[in-house]
Structure formats: C-alpha cells, structure tokens
Engineer: 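My questions will all concern the structure given below.
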Amino acid sequence: MLSKPHKTRSNSAEKFQNLVLSWFDQHGRKNLPWQQNKTPYRVWVSEIMLQQTQVSTAIPYFERFLQRFPTINQLAKATEDEVLHLWTGLGYYNRARNLHKTAKIIAASHSGQFPATQLLLENLPGIGRSTAGAILAIAFEKKAAILDGNVKRVLTRLHAITEWPGEKKTTETLWKMAEKYTPSHRVADYTQAMMDIGATLCVRGTPRCTECPFQKTCKAHQLGIAKTLPKKKVSVKIPTRQITLLIFVLNNQYVLLEKRPSSGIWGGLWSLPETAYTQSTDSLRKAARALIKRPIDKIRLGEQFRHTFSHFHLEIQPALISLKPSRGKIMEADQQIWYNLLQPDTVGLPAPVKTLLMGLNK
DNA sequence: AAATCGGGGCG
DNA sequence: CGCCCAGATTT
C-alpha cells in the first residue's frame, strides 16, 4: 500500500489539542446540568441560555425550563407567554421567542428530531454560526468550531491579537484559528474545555495565567499584555431616559399589565402602563384617567430607580394609583390583564416590573 | 460606572 | 453587507 511517511512529531494544532484535553480531564466541568443525560435538545437550550448569560445564572433557569418542557415537542406545544414566563429575568427575550419558534419548526418539519448539519442548524431562528458549531460538537460529536466570547478571549491572548476582535477581518482570523485548532477526536470535550478555560482561567480582568495550560505558549502572557486583551471597543456614553410607570391597584390584589409589542425592548412581555416622566399628582391623574375609566382613590409616588440597557439608562418613577374597590366582574381589554398578585399568571415580566410587583406583595 | 455577550433585522 | 439593537450581571 502506498502511504506517506508517518509523521513522528505532532503539529502545533495537535499539541494544542492535547494540552486542552488533558486540562479538561483534570479540571474541566463535567457536572453541569446540561452535561447529564446529554441530548441535542438539552444542549441547544443550554447554549441559547448561555449566549448572553453566565453559567451560574443560567443553571436554575435551565432546571426549571427542562422540568416544565422535558422534550422539544412539549416546548413546541407551549404558549409564548409561558415560555417568556420561564425566561423572566434572563433578558434578551428574543432568545426565548426564537427558542419557541425553532421548537415548533423542528416538531413540525423534522418530526421532533434535531438536524445535525451546520447549514440546517444555522437556518433555525436564534442559531448562528457559533451556536450551530457548539450543538454539532457537544451533542453530535461532529467536528465543528465555535467562537463565543470565551474562545475569542483565549485566542486573542494566545496569539496576542491587538486589533479589536469586532473588526470583520479580525473576526475572520479568529474563526480560521478556531477551525484549525478544533480536533476531530473528542470534539465535545475539547469544546467544553475551551469554554471552561475562558470562563475560569482566561477571564477578563486578571487572567490566572499561572494555572493556565497555555502558559508557556501564550503570546500575550509572554509579552505581559494578557490583561489588556482583547482590545475594547471605544466606549460610547449612553443617554438616560426617564419614564413613569403606572401601578393601578384594584381591590388590593390586582395590578393592570399591558402586553408589549413583540419587537423592541421587553418584546412580548407584560409590563406596567407607561407615561411621560412626571412626579406631579395632577398630571398623573390626567394620564391615569386617559388609560382607565375606574374611579381613582389615591395616588402616591414610589421611589425612583434606574435600570440600564445596552444603549441607555432608564430612570423609572413608579406611581401607585389605588382604584376604588370594585365588586363586579373585572373586565380586561385586549392586550391587557389584571395581574393577580396572590396567584400570578404564567407570563413574562421585565425584571424591574417583577421587582416592583414583588414589592407590592410585602 | 463600565464591560460583557451571539444573533436578528434593517436599509 | 455594515450597522444598530437588546438586559441583567459582574467587576
């Protein structure tokens, strides 16, 4: 048989993989909830949750989500409100809506079976190049690269890449590296290990280089610039907006909520009626009367607080508007609910709204 | 107070 | 394709 002479010395990618895999065997995380009973469905849900959320935050959400929706078909049958309910507090609610959409697609068009190619996965809502790679590698043991925030940080330091990683060219370079290093053997462990190294050793701020398996090879460490990488995007000051949120309280038990449009901030969540910022009782009375016909008992201001988004600060002035008690049936308009504080509906709430409502219960 | 994080959507 | 947008947590 004709064959090329066998290489006796492993190349640099193989050396790298061996470092990563033996680090994983000794230090990698192997007991995360989604690493037990590993199915494509569980891996997918975890990857979506982890897109913008740290492991420790995601764990309780993952447990509750899987408890309620053990299979993708059960998720597909759920209402969007219930999916958003389980997502309340996690943020980026588009992720939850896309998760639901994708479950419906897979239940209907793939007979409940997760597709296992890069192209099919990337065509599903909420799954891009990196998440598709993670599902292929972790759930299917298929050779596929990921480039999440952790891997980006590891690679920029390893190669001392000083350009901002958001540059198109730099991102492409990083993807090329990620692909070059990805092994065909034990790719699930490798992928988990890279995320673990990024999350526990190669952290932003001060990396723990002395404990790192790449200590000898890391360019940034050699140059003493690990701490300064990846280069930050030039920061922009974000503006502050002010609003007043109206808390209509009826019979000391019900609070009026309105469903927000499905796109934009808090898309699809149930929020408090909003009005232009004011602290004047007179204008609050006017705004309240425009929104509701019931007679007002009294109005008082809550304590103003701040909620920050990626691109603006929101100063929230809560206003409690107690309504005169009502005995008859309480009517709800379309896109409106009287949220029962004692028996909360299973709907999604923005984090500050949830905080406000919990405060009322005390 | 600043930084973070992957993907969707729009022009 | 380039650019803008989304939320809560950590540092």
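Here is the naming used below: chain letters follow the sequence lines, and residue numbers restart at 1 for every chain.
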Engineer: Can you run down the salt bridge (charged side-chain N to carboxylate O under 4.0 Å, His left out) pairs that involve residues 19-39 of chain A, sequence neighbours left out, and say none if there aren't any?
Structural biologist: A/D25-A/R186, A/R29-A/D196

Engineer: Between C/dA8 and B/dG9, how far apart are the two C1' atoms, rounded to whole Å?
Structural biologist: 23 Å

Engineer: Separation of A/F312 atom CZ from C/dC5 atom C1', in whole Å?
Structural biologist: 10 Å

Engineer: What is the distance from CZ of A/R153 to P of B/dT4, rounded to the nearest Å?
Structural biologist: 9 Å

Engineer: Pick the closest DNA chain B nucleotide for A/T131 and for A/T308 by heavy atoms, then say which residue is nearer the 5' end.
Structural biologist: A/T308

Engineer: Check the distance between C/dT10's P and A/N150's CG and give it to me in whole angstrom.
Structural biologist: 15 Å

Engineer: If you check the A/Y92 side chain, which of C/dA8, B/dA1, B/dC5 turns out closest?
Structural biologist: B/dC5

Engineer: Show each protein N/O and nucleotides 9-11 of chain B N/O combination with a separation under 3.5 Å, one pair to a line.
Structural biologist:
none

Engineer: Pick base, sugar-phosphate or nothing for A/R97, based on heavy-atom distances below 4.0 Å to the nucleic acid.
Structural biologist: nothing

Engineer: Is a side-chain donor-acceptor pair under 3.5 Å present for A/R68 with A/T346?
Structural biologist: no

Engineer: Closest approach to the side chain of A/T57, judged atom by atom: which nucleotide of B/dA1, B/dG7, C/dT10 is it?
Structural biologist: C/dT10

Engineer: Thinking salt bridges, do A/E274 and A/R260 make one under a 4.0 Å N-O criterion?
Structural biologist: yes

Engineer: Looking for any heavy atom pair under 4.0 Å, which part of the strands does A/G205 touch: base, sugar-phosphate only, or nothing?
Structural biologist: nothing

Engineer: Of the nucleotides C/dG7, C/dT10, B/dC5, which has the atom closest to the A/S56 side chain?
Structural biologist: C/dT10

Engineer: Would you say the ring centroid of A/W34 lies under 6.0 angstrom from that of A/F65?
Structural biologist: no

Engineer: Looking across every strand, which nucleic acid part, if any, lies under 4.0 Å from A/G89 by heavy atom: base, sugar-phosphate, or nothing?
Structural biologist: sugar-phosphate

Engineer: Taking CZ from A/R129 and P from B/dG8, how many angstroms apart are they, rounded to a whole number?
Structural biologist: 14 Å

Engineer: Quick one, A/I48 and A/T131 - any side-chain contact, counting heavy atoms below 4.5 Å?
Structural biologist: yes

Engineer: Which residue lies toward the 5' end of DNA chain C, A/Q52 or A/K168, if each is placed at its nearest nucleotide?
Structural biologist: A/K168

Engineer: Side chain of A/R204 only, heavy atoms from C-beta on: which candidate in B/dA1, B/dT4, C/dG7 is closest?
Structural biologist: B/dT4

Engineer: Of the nucleotides C/dA8, B/dT4, B/dA1, which one has an atom closest to the side chain of A/K232?
Structural biologist: B/dT4

Engineer: Find the distance A/M49:CE to B/dG7:P and express it as a whole number of Å.
Structural biologist: 16 Å

Engineer: Rounded to the Å, how far apart are A/F309 CZ and B/dA3 C1'?
Structural biologist: 17 Å

Engineer: Between A/K259 and A/E332 (salt bridge meaning N to carboxylate O under 4.0 Å), is one present in this structure?
Structural biologist: no

Engineer: Determine whether the aromatic ring centres of residues A/F305 and A/H307 are separated by less than 6.0 angstrom.
Structural biologist: no

Engineer: Base, sugar-phosphate alone, or nothing: which one does A/L314 contact when heavy atoms must sit under 4.0 Å apart?
Structural biologist: nothing

Engineer: Rounded off to whole Å, could you give me the CZ-to-C1' distance for the A/R241 and C/dC5 pair?
Structural biologist: 11 Å

Engineer: Between C/dT9 and B/dG8, how many Å separate the two P atoms, rounded to a whole number?
Structural biologist: 24 Å

Engineer: Within the structure shown, what part of the strands sits under 4.0 Å from A/L50 by heavy-atom distance: base, sugar-phosphate, or nothing?
Structural biologist: nothing

Engineer: Rounded to the Å, how far apart are A/H307 NE2 and C/dG7 P?
Structural biologist: 8 Å

Engineer: Quick check on the hydrophobic clustering: are A/L250 and A/L341 connected, directly or via other members, by side-chain heavy-atom contacts under 4.5 Å?
Structural biologist: no

